[in-house]
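The structure appears right after this line, and notes come after that.
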Amino acid sequence: MLRAIAPGVHVHESEFLMSNTVVVEGDIGVLLIDPGITTGELEDLGRDLQDLGKPVVAGFSTHPDWDHVLWHESFGDVPRLGTAECAASIAELRSHDDWPAMIAEGLPPEYADEIPMALLGRITGLAEGTAQIPWDGPTVRILEHRAHAPGHAALLIEGARVLVAGDMLSDILMPFLDLDAPHPIDDYLDALTMLEGQADAVETVVPGHGAVGGSEHFRTRIQLDRAYVERMRDVLDTADPRVSPGAPLEWLPDVHRWQVQRLTERGVIGER
Ligand SMILES: [Zn+2]
């Protein structure tokens, strides 16, 4: 089901990890951001778009993780865009003969059979430094940075004042750092500062996973995410409710400990 969150902007929430698809209405059709997740949900979304009466004219993936590069034939064969680095990253993965198996390894078992692989990851990279999505619709600015994943981009739908955060600024997930990046901590903090710089332009924030928030949530989530990363950097325990005992997602504290362990092993942060 599509839910309007701002003029000309709708969200579809999937069952898996509260994944958000964003639909932006343009002049002749819609821009589809990170459509997901299961075949049934994508078919539902296709029907909702039909009811809206506008075809899909473009897609955008905020980053190259499997749950953000899905597609369904009912959306049509239109340009599916991402940053140059996002496209290069998923193209590299797809260059392996056994890429479907490589992706299948990381899928949540309870959804694995329902996730459509056929059109996964066919992303066209925009030229480096492209400032806005090229399409017939409202201005959507691309805020590329290096937190979470290669080529990760947040999008600012200017007129509607909506920030699509990709896998950042979630109320249910703490920051997932790109553990293989040369500077995962600095990258994340830099990205938060960059997003914070947009605060006056943001009335609504849509995380890749979790609840849509208002401008006050945008600000508090930046603070919470920054505190999480800074305490990790400073080798301090965290009081982040998303990874503390009683966390809403019971497996998340384990991911937190694993992040700490990997960064410690790499020498990115000091020993505990
Ligand atoms: Zn995600």
Side-chain angles (χ1 to χ4, degrees), residues 11-23 32-39 41-42 45 59-72 80-83 85-87 89-90 93-94 99 102-112 114-117 119-123 142-155 162-181 184 187-188 191-192 195 205-213 217-218 221-222 224-225 228-229 240 242-243 247-249 251-252 254-256 258-259:
V11 165
H12 171 279
E13 186 188 299
S14 298
E15 196 178 87
F16 166 69
L17 271 188
M18 297 176 76
S19 304
N20 289 314
T21 300
V22 178
V23 174
L32 203 49
I33 305 167
D34 290 356
I37 293 288
T38 62
T39 300
E41 288 170 337
L42 292 164
L45 180 56
F60 189 88
S61 288
T62 56
H63 62 288
D65 289 347
W66 68 267
D67 51 328
H68 299 263
V69 290
L70 296 166
W71 199 254
H72 187 266
R80 294 169 57 191
L81 308 170
T83 64
E85 214 181 332
C86 168
S89 172
I90 195 72
L93 181 70
R94 283 175 49 99
W99 71 264
M102 290 166 72
I103 288 186
E105 264 174 35
L107 296 178
E110 65 273 37
Y111 295 100
E114 303 170 51
I115 292 164
M117 303 289 270
L119 301 174
L120 184 150
R122 296 188 186 177
I123 306 298
I142 300 169
L143 307 172
E144 185 175 353
H145 55 79
R146 191 58 183 82
H148 181 67
H152 195 284
L155 298 175
V162 174
L163 185 105
V164 180
D167 274 1
M168 296 178 71
L169 309 185
S170 168
D171 58 329
I172 57 167
L173 301 176
M174 80 300 185
F176 280 40
L177 280 67
D178 184 348
L179 299 172
D180 298 322
D187 290 342
Y188 216 99
L192 290 171
L195 294 177
V205 59
V206 186
H209 308 275
V212 174
H217 300 108
F218 176 72
R221 289 181 196 180
I222 286 174
L224 190 62
D225 282 1
Y228 175 85
V229 178
D240 194 307
R242 298 168 295 188
V243 297
L249 297 167
W251 47 271
L252 217 47
D254 283 341
V255 179
H256 163 64
W258 176 71
Q259 293 207 107

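Whatever order the structure lists ligands and atoms in, that order sets their numbers, starting from 1. Heavy atoms only: backbone and side chains are in, while hydrogens, waters and symmetry mates are out.
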Between Gln259 and Tyr228, do the side chains contain a donor N or O and an acceptor N or O under 3.5 Å apart? yes
In degrees, rounded to 10 degrees, what angle do His209 atom NE2 and His68 atom NE2 make at the Zn ion (ligand 1)? 110°
Looking just at side-chain N and O atoms, do Asp187 and His145 make a donor-acceptor pair shorter than 3.5 Å? no
The Zn ion (ligand 1) to nearest N/O/S of Asp65 below 2.8 Å: no
Report the atom name of the nearest N/O/S atom of Asp167 relative to the Zn ion (ligand 1). OD2
The Zn ion (ligand 1) to His63: any N/O/S contact under 2.8 Å? no
Going by atom types only, do Asp67 and His209 share a side-chain donor-acceptor pair under 3.5 Å? yes
Does Asp67 bring an N, O or S atom to within less than 2.8 Å of the Zn ion (ligand 1)? yes
Is there a donor in the side chain of Ser14 and an acceptor in the side chain of Glu41, or the other way round, less than 3.5 Å apart? yes
Would you say the side-chain atoms of His148 and Asp65 include a donor-acceptor pair closer than 3.5 Å? yes
